[in-house]
Amino acid sequence: MNFYSNWRSLAAYRVRVALALKGIPHEVTAVDMLGGAHLLPAFLAVNPQGVLPAMVLDDGRVLFQSMAILEYLDEIAPEPPLLPADAAGRARVRGLALIHAADSHPLLVPRVRQYLQKEAGLNDAGIQGWATRALTTGLQAIETHLVSSPETGTYCHGNQVTLADICLSSHLLAMMFFKVDASAFPTAVAIHERLQALPAFAASHPLKQPGAPV
Ligand SMILES: N[C@@H](CCC(=O)N[C@@H](CS)C(=O)NCC(=O)O)C(=O)O
């Protein structure tokens, strides 16, 4: 399979972590997102939405949307599982993951920030305020869930890394990129730090990918 990725893409990061956790062999095609290559015909032919990541399977079919790709990877390579065994647990994990992937992260992607700047007239401070609000309200919700549930363990759900952890980590990396203080959310930060100590997360860090600034 061929993983279309970019060092800065957090949606691609989420898939990169799962590939590493499961040890799935794959090729990587780097797309210069910051240079606009994701909007050129060559990539639009792969993913008409013009966003990363995309995954081209060996039979030519293309998977898109990071959460759909993550669940595909979990199905073809079940170990280690990224979802718990029980239905309510799976719903909790997906819910935690989607606070980031469906609600917070979409507010921060380049096309939204470009619209805010060019069409809505926000200056840098306005965009920073927008990002800070999106990230802190999302993490406040995640922190409250984590603190209030007996199902929280070493990681977001018990002691097994799940989709919720991959998305929590993506959320905290977004806070790093946007320089948003996360210290008011100690449970989430502690889990993120435990995750970053795992080889699959450490090796997948955006700043360790080819093309990232040194
Ligand atoms: N919901 C999508 C988000 C995809 C997405 O927006 N990716 C960003 C990078 S993290 C992107 O390619 N943005 C290009 C742009 O906004 O122009 C997913 O999870 O795959």
Side-chain angles (χ1 to χ4, degrees), residues 1-21 24 26 28-57 61-75 82-83 93-120 122 124 127-128 130-131 134-135 138-139 142 156 162-180 201 204-213:
M1 61 180 77
N2 193 342
F3 175 40
Y4 282 69
S5 179
N6 176 276
W7 70 268
R8 180 66 167 78
S9 163
L10 289 171
Y13 166 77
R14 300 194 282 269
V15 171
R16 193 182 307 122
V17 171
L19 288 165
L21 281 168
I24 298 174
H26 61 280
V28 178
T29 297
V31 179
D32 179 14
M33 180 178 73
L34 301 183
H38 60 301
L39 300 175
L40 297 177
F43 183 68
L44 292 175
V46 176
N47 185 359
Q49 196 185 358
V51 298
L52 293 161
M55 185 73 82
V56 181
L57 303 183
R61 284 182 292 176
V62 182
L63 306 184
F64 47 91
Q65 287 288 336
S66 63
M67 301 312 290
I69 298 171
L70 285 170
E71 294 226 16
Y72 169 82
L73 296 176
D74 205 31
E75 289 177 23
L82 296 177
L83 286 166
V93 163
R94 289 186 176 112
L96 287 169
L98 290 171
I99 292 174
H100 170 67
D103 288 346
S104 298
H105 182 218
L107 300 175
L108 308 171
V109 292
R111 61 195 179 281
V112 169
R113 284 183 281 131
Q114 281 159 16
Y115 179 88
L116 291 174
Q117 184 189 39
K118 291 179 185 159
E119 307 296 332
L122 260 63
D124 287 351
I127 291 174
Q128 180 66 35
W130 169 274
L135 287 164
L139 194 56
I142 294 170
C156 289
T162 64
L163 298 181
D165 297 295
I166 294 175
C167 288
L168 173 68
S169 174
S170 174
H171 196 102
L172 280 153
L173 289 174
M175 292 180 93
M176 176 197 78
F177 279 128
F178 286 94
K179 298 184 170 51
V180 178
F201 281 81
S204 301
H205 194 289
L207 296 179
K208 289 195 186 144
Q209 306 314 306

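Residues take their numbers from the sequence shown, with the count starting at 1. Predicted, not measured: the structure shown is a model, and the values here were computed from it. All heavy atoms count here, side chains included; hydrogens, waters and symmetry mates do not. All ligand and atom numbering here is 1-based and tracks the order in the structure.
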Next on the checklist: Test your reading of the model: is there a side-chain donor-acceptor pair from S104 to the backbone of I99, 3.5 Å cut-off?
Outcome noted: yes
Next on the checklist: Please determine whether side-chain contact (heavy atoms from CB on, under 4.5 Å) holds for the pair L83 and E71, giving the CA-CA distance in whole Å, both sets of side-chain angles, and the decisive distance to 0.1 Å.
Outcome noted: CA-CA 9 Å; L83 286 166; E71 294 226 16; 3.9 Å; yes
Item to check | Residue shell around ligand 1, heavy atom under 4.0 angstrom | outcome: S9, L10, A11, R14, M33, H38, V51, L52, P53, Q65, S66, H105, V109, P110, R111
Checklist outcome for this item: Nearest heavy-atom contact between A18 and L70 is CB-CD2, 3.3 Å
Item to check | Of all pairs that satisfy ring pair (Phe, Tyr, Trp, His ring centres under 6.0 Å), the ones with a partner from residues 2-21, not counting sequence neighbours | outcome: Y4-F43
Checklist outcome for this item: Residues at least two apart in sequence or cross-chain that pass salt bridge (charged side-chain N to carboxylate O under 4.0 Å, His left out) with R8, listed by chain then number, are none
Checklist entry - Among pairs that include at least one residue of residues 30-55, which meet side chain to side chain donor-acceptor pair (under 3.5 Å), considering only residues two or more places apart or in two chains? => result Q49-Q65
